[in-house]
Amino acid sequence: MLLRKRHGRAVSTSTEMFAQCPTLIGMTEDFHTDVESRDWYIASLNGRDVVNVSLRKVRRPGQVMRAWGWRGFRVFERPATIRNYKYGLDCLPWHVWRVKPLNPIAFEVAPDSHGRSVLWTRGLCVDALMHEGYEFGANGREVKRFLDHLAGLDAPPTDTAPEQMTEYRAAVRDLAKTALTPQLHDFRWMANDYLEHRARWWDLPLQHTERGREVSNIVNALVAGRDLPAAVAEWWALPPRHVLGTL
């Protein structure tokens, strides 16, 4: 246990951390079992962790990293939670890495309502680089491709032929019926935050228009694992892999 001097007496750094961070949950009897039973993640941009201060870049599986500060590293049970911390949103897009905590300290209550935990740990071992879009859930590759396509547009498409409009809006109405679990809502909000930071035209006023609701319905459907109908793919000029039956 690390010790620091305070008012002439030795105090453990863990004790000091609890005094300064009331949202931490201390070690219980099954703490280490609980930690080992879960997967943990960090995110990086150009090799730099977007939340933790480290003297080394995240480079490869098998790499061992030790915390630069006495507080340790934060690692996350759900990558989407990372957007709520430090430079998470400013450093999009990420690379997501699965890691194994070394000398874990305590859990921290995450700033969401679904109980996903954040863990403080003295060090970590990099286990694997996750696939593109992992932070958006099981269908994350398709979600990220759609978001990146929208981010590359100068503006959303304008109204075209009435027949095409009718088909498009009928398809979006069907996608709007997609039900999201609390877990999928987290991915959906991650997607919205990603789009806000990547697409210049996706501002708050637009999000409350009919066009904004259409985009939200499409994102919800992709997060839930649905394929996009051809009418939607054609309207947004999506690459062929987004068309129903070609994924």
- Note on the structure: Interatomic distance, CE@M130 vs CZ@R98, rounded to 0.5 Å, equals 4.5 Å

- Message: Can a side-chain donor-acceptor contact be found between W97 and S44 if the only test is distance below 3.5 angstrom?
- Response: yes

- Note on the structure: Between G88 and W94 the two heavy atoms that sit nearest each other are O-NE1, 2.8 Å

- Working for side-chain contact (heavy atoms from CB on, under 4.5 Å), residues V99 and D127: CA-CA 5 Å; V99 299; D127 186 39; 5.7 Å; no

- Task: Could you go through the salt bridge (Lys or Arg N to Asp or Glu O under 4.0 Å) check for R188 and D193 one step at a time?
- Result: CA-CA 9 Å; R188 185 262 175 279; D193 289 343; over 6 Å; no

- Message: Within the 4.5 Å heavy-atom criterion, are T81 and R78 side-chain neighbours or not?
- Response: yes

- Task: Specify the closest pair of heavy atoms between L147 and L195, including all atoms of both residues, with the distance to one decimal.
- Result: O-CD1, 4.0 Å

- Under 6.0 Å from the NE2 atom of H197, do we count more than 12 heavy atoms belonging to anything else shown? yes

- Message: Salt bridge check, R226 against E142: does any charged N sit closer than 4.0 Å to a carboxylate O?
- Response: no

- Message: I want to check something: taking the side chain as every heavy atom from C-beta on, are W120 and V75 in contact at a cut-off of under 4.5 Å?
- Response: no

- Heavy-atom donor-acceptor pair, R56 side chain to V64 backbone, under 3.5 Å: yes

- Task: Test V58 against every option in L129, L45, I42, N52 by the side chain to side chain contact (heavy atoms under 4.5 Å, CB included) rule and name the one that passes.
- Result: I42

- Could you check if a side-chain atom of W201 sits within less than 4.5 angstrom of a side-chain atom of L153, using non-hydrogen atoms only? yes

- Do E196 side-chain atoms and N192 backbone N/O form a donor-acceptor pair below 3.5 Å? no

- What pairs with H131 under ring pair (Phe, Tyr, Trp, His ring centres under 6.0 Å), at least two apart in sequence or on another chain? Y134

- Item | Beyond-backbone contact of P93 with Y194, side-chain heavy atoms, under 4.5 angstrom | yes

- Message: Ignoring hydrogens and geometry beyond distance, is a side-chain donor-acceptor pair present between E214 and Y168 at under 3.5 Å?
- Response: yes

- Please examine the side chains of D148 and R198, heavy atoms only from C-beta on, and report whether any two atoms are closer than 4.5 Å. yes

- Message: For the CG atom of L102 and the CE atom of M65, what is their distance to the nearest 0.5 Å?
- Response: 11.0 Å

- Task: For the pair H32 and D34, evaluate side-chain contact (heavy atoms from CB on, under 4.5 Å) and give the outcome as yes or no after the intermediate values.
- Result: CA-CA 5 Å; H32 289 284; D34 196 5; over 6 Å; no

- Task: Please answer: with hydrophobic residues joined when any side-chain heavy atoms are less than 4.5 Å apart, are L238 and L222 in the same cluster?
- Result: yes

- Message: Could you tell me if the side chain of I105 sits less than 4.5 Å from the side chain of F31, heavy atoms only?
- Response: no

- Side chains of W236 and I218: does their closest heavy-atom pair fall under 4.5 Å? yes

- Could you pull out the closest heavy-atom pair between V35 and W40, with the gap in Å? O-NE1, 3.0 Å

- Message: Would F146 and V219 count as a side-chain contact (heavy atoms from CB on, under 4.5 Å) here? Give the steps.
- Response: CA-CA 8 Å; F146 177 69; V219 170; 3.9 Å; yes

- Heavy atoms of D227 and L175 approach each other most closely as O-CD2, 4.3 Å

- Query: For the hydrophobic clusters of this structure (ILVMFWY residues joined by side-chain heavy atoms under 4.5 Å, transitively), does one cluster hold both M190 and Y87?
  - Reply: no

- Any chance you could lay out the side-chain contact (heavy atoms from CB on, under 4.5 Å) test for M165 and W235, step after step, and finish with the verdict? CA-CA 8 Å; M165 280 288 299; W235 176 262; 3.1 Å; yes

- Query: If you count the non-hydrogen atoms of other residues, nucleotides and ligands that lie under 6.0 Å from CG in N46, is the total more than 12?
  - Reply: no

- Message: So which atom in W202 and which in G212 form the shortest heavy-atom distance, rounded to 0.1 Å?
- Response: CH2-O, 3.4 Å

- Query: Got a donor-acceptor contact below 3.5 angstrom from the R213 side chain to the H208 backbone?
  - Reply: yes

- Task: Report yes or no: do Y41 and L89 belong to one cluster of Ile/Leu/Val/Met/Phe/Trp/Tyr joined by side chain heavy-atom distances under 4.5 Å?
- Result: yes

- Query: Does D186 come within less than 4.0 Å of R83, counting only side-chain N to carboxylate O?
  - Reply: yes

- Task: Go through the steps for D154 and R200 under the test salt bridge (Lys or Arg N to Asp or Glu O under 4.0 Å), then give the verdict.
- Result: CA-CA 7 Å; D154 293 326; R200 290 169 294 178; 3.0 Å; yes

- To the nearest 0.5 Å, tell me how far K144 NZ sits from H149 NE2. 14.0 Å

- Just do the salt bridge (Lys or Arg N to Asp or Glu O under 4.0 Å) check on R141 and E132 with the steps written out, would you? CA-CA 6 Å; R141 284 191 180 94; E132 183 185 22; 6.0 Å; no

- Query: Quick one: do the R38 and S117 side chains pair a donor with an acceptor below 3.5 Å?
  - Reply: yes

- Got N220 and H185 here, is their nearest side-chain heavy-atom distance under 4.5 Å? no

- Might you point out which heavy atoms bring G123 and F73 nearest each other, and give the distance in Å? CA-CD1, 4.0 Å

